Participant: 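One structure, pasted below without further comment.
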Amino acid sequence: MQQENNNLFLRVYDRLLAHYGPQEWWPGETDFEVMVGAVLTQNTNWINVEKAIANLKNGGQLSFSSLHRMDTDVLAEYIRPAGYYNIKARRLKNLLQMVVDEYEGELAFLFADSLDDSRKNLLQVKGVGPETADAILLYAARKPIFVVDTYTHRVFSRHGLVEEDTDYYSLQQEFLDSLPEEVSLFNEYHALIVAVAKEFCKKKKPRCNNCPLQRVEES
DNA sequence: TTCCGGACCG
DNA sequence: CGGTCCGGAA
């Protein structure tokens, strides 16, 4: 029986949740830590981000004031395990400077701002693109925005659920239009997509045989 | 040795 | 558009 598109997005979610269980993602100790992690994880496996964050923690430097004060070169050394450390150090500094300039240096003010305005300010930061901005908004600020990424595009386009040539905002809008506006759902769903993409929906040699999403578009 | 991945830059 | 920035996994 063919389902409405609306239900298919939820069907995919149900399949993934049944297979993987709740991911309870991004267990940063603070919102600040989650925000830092969102920048560090660009093009990078999370395991390396954890090493970088551990370095900062062990040095007692994982705070807004410490990182804002720190020389970019020094910060780069702390976050070296995350890869792209020079460019990410600059991006982190740019982000903190925006919070200083626009929100009196108070992260809570950024997060208390409206979704549209906080998103706009995040996107002004050189080094913060759509995915990083949305990850900060969803996972640190707990705002109802859906994070899409390369994995999301690959999984959904392969199943014919979205157009192959869709862009970030169109893809995101399809999720926002199809799902109830719940932060916890958006949080879990993105994490589940990452899980299935890394294990089954690989870029090369996808393992469709045992994939929990096989033929989901026909269900 | 190649592959993988966000965002910016030329 | 293609090139660049990086480290770890395949």
Side-chain angles (χ1 to χ4, degrees), chain A residues 23 25-26 28 33-58 67 70-99 102 110 118-141 143 145-158 162 164-175 186-187 189-211:
Chain A
Q23 300 298 290
W25 235 34
W26 238 318
E33 181 177 330
V34 173
M35 185 176 80
V36 170
V39 173
L40 294 182
T41 199
Q42 292 172 351
N43 319 355
T44 306
N45 287 332
W46 184 252
I47 185 93
N48 303 321
V49 176
E50 289 182 320
K51 294 176 191 169
I53 289 189
N55 279 347
L56 290 169
K57 268 188 190 171
N58 294 337
L67 294 196
M70 190 180 290
D71 283 348
T72 305
D73 290 351
V74 176
L75 176 54
E77 280 309 309
Y78 274 104
I79 65 174
R80 193 172 190 123
Y84 299 103
Y85 47 88
N86 286 312
I87 200 163
K88 285 176 182 176
R90 277 185 268 125
R91 289 175 177 184
L92 281 171
K93 299 284 285 187
N94 293 341
L95 176 54
L96 299 184
Q97 191 58 48
M98 181 279 286
V99 176
E102 302 292 331
L110 166 65
S118 54
R119 192 169 193 282
K120 196 176 304 172
N121 279 320
L122 284 168
L123 290 173
Q124 301 279 358
V125 177
K126 188 184 294 187
V128 175
E131 185 182 338
T132 305
D134 289 338
I136 291 168
L137 291 169
L138 176 62
Y139 288 97
K143 292 186 181 296
I145 190 72
F146 200 89
V147 181
V148 303
D149 58 3
T150 301
Y151 295 138
T152 312
H153 178 267
R154 196 160 71 220
V155 170
F156 281 74
S157 63
R158 278 179 174 170
V162 301
E164 170 62 35
D165 63 353
T166 187
D167 62 17
Y168 185 95
Y169 298 102
S170 304
L171 180 55
Q172 178 180 59
Q173 196 58 48
E174 297 209 51
F175 281 86
F186 293 173
N187 182 323
Y189 203 162
H190 173 71
L192 287 165
I193 290 167
V194 172
V196 77
K198 292 179 93 159
E199 184 174 359
F200 296 101
C201 208
K202 299 155 138 358
K203 178 164 188 175
K204 294 200 162 183
K205 297 186 187 173
R207 302 172 51 213
C208 300
N209 287 348
N210 300 310
C211 178

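Just so you know, these numbers use all the heavy atoms, side chains as well, and skip hydrogens, waters and symmetry mates. What you are looking at is a predicted structure, and each value in this text was computed from that prediction instead of being measured. Every chain is numbered from 1, with letters handed out A, B, ... down the list of sequences.
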Participant: Phosphate oxygens OP1/OP2 of B/dG6: is one of them under 4.0 Å from a side-chain N or O of A/T41?
Facilitator: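 No, outside the criterion.
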
Participant: Identify which one of A/I79, A/D73, A/D71, A/T72 satisfies the side chain to side chain contact (heavy atoms under 4.5 Å, CB included) criterion when paired with A/L75.
Facilitator: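 Testing each of A/I79, A/D73, A/D71, A/T72 against A/L75, the sole residue satisfying side chain to side chain contact (heavy atoms under 4.5 Å, CB included) is A/I79.
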
Participant: For A/R90 and C/dT4, give me the distance from atom CZ to atom C1', rounded to whole Å.
Facilitator: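 After rounding, the reported distance stands at 11 Å.
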
Participant: Could you state the OH-C1' distance from A/Y151 to B/dG5, rounded to the nearest angstrom?
Facilitator: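 So the two atoms are 7 Å apart, to the nearest Å.
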
Participant: In whole angstrom, give the distance that lies between atom CG of A/N48 and atom P of C/dG8.
Facilitator: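 Rounded to the whole Å, the gap is 5 Å.
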
Participant: Counting the atoms with a prime plus P, OP1 and OP2 as sugar-phosphate, which does A/R154 contact under 4.0 Å by heavy atoms, base, sugar-phosphate, or nothing?
Facilitator: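 Touches sugar-phosphate only.
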
Participant: Select base, sugar-phosphate, or nothing to describe what A/K202 touches, counting heavy atoms under 4.0 Å on all strands.
Facilitator: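 Touches nothing.
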
Participant: Remember a base hit wins even if backbone is also touched, and classify A/V49 as base, sugar-phosphate or nothing at under 4.0 Å, heavy atoms.
Facilitator: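 If one applies the 4.0 Å heavy-atom cut-off, A/V49 turns out to touch nothing in the nucleic acid.
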
Participant: About how many Å separate CG of A/L171 and NE2 of A/H153, when rounded to the nearest 0.5 Å?
Facilitator: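 Between atom NE2 of A/H153 and atom CG of A/L171 there are 6.5 Å.
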
Participant: Nearest whole angstrom, please: distance from the C1' of B/dG6 to the CG of A/L95.
Facilitator: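 These atoms are roughly 15 Å apart.
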
Participant: Pick the closest DNA chain B nucleotide for A/K126 and for A/K203 by heavy atoms, then say which residue is nearer the 5' end.
Facilitator: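 Final value for this comparison: A/K203.
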
Participant: Report the residue from A/F175, A/Y139, A/F186, A/Y189 that forms a side chain to side chain contact (heavy atoms under 4.5 Å, CB included) with A/V147.
Facilitator: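 Among A/F175, A/Y139, A/F186, A/Y189, the one that satisfies the side chain to side chain contact (heavy atoms under 4.5 Å, CB included) with A/V147 is A/Y139.
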
Participant: Of A/I47 and A/Y84, whose nearest nucleotide on DNA chain C comes first from the 5' end?
Facilitator: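 Checking each residue's closest nucleotide, the 5'-ward one belongs to A/Y84.
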
Participant: Between B/dG5, B/dC8, C/dG7, which one does the side chain of A/Y85 approach most closely?
Facilitator: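 Per side-chain heavy atoms of A/Y85, the pick is C/dG7.
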
Participant: In this structure, how many angstroms lie between the P atom of C/dA9 and the CG atom of A/N43, rounded?
Facilitator: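 These atoms are roughly 16 Å apart.
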
Participant: Would you please classify the geometry between the A/H190 ring and the A/F146 ring as parallel, tilted or perpendicular, with 30° and 60° separating the classes?
Facilitator: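 Ring orientation, 0 to 90° scale: perpendicular.
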
Participant: What nucleotide, of C/dG7, B/dG6, B/dC3, holds the atom closest to the side chain of A/R80?
Facilitator: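 The nucleotide sitting nearest to the side chain is C/dG7.
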
Participant: Any ion pair linking A/R119 and A/D134 (charged N to carboxylate O, less than 4.0 Å)?
Facilitator: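 A/R119 and A/D134: salt-bridged.
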
Participant: Think A/T44 has a side-chain N or O under 4.0 angstrom from the OP1 or OP2 of B/dG6?
Facilitator: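 The answer is no; no side-chain N or O of A/T44 sits under 4.0 Å from OP1 or OP2.
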
Participant: Between A/L40 (CG) and B/dA7 (C1'), how many Å, whole number?
Facilitator: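 Value for this atom pair: 14 Å.
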
Participant: From CD1 of A/I79 over to P of C/dG7, roughly how many Å is that when rounded to an integer?
Facilitator: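 That distance rounds to 11 Å.
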
Participant: In whole angstrom, give the distance that lies between atom CD1 of A/I87 and atom C1' of B/dG6.
Facilitator: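 So the CD1-C1' distance, A/I87 to B/dG6, works out to 10 Å.
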
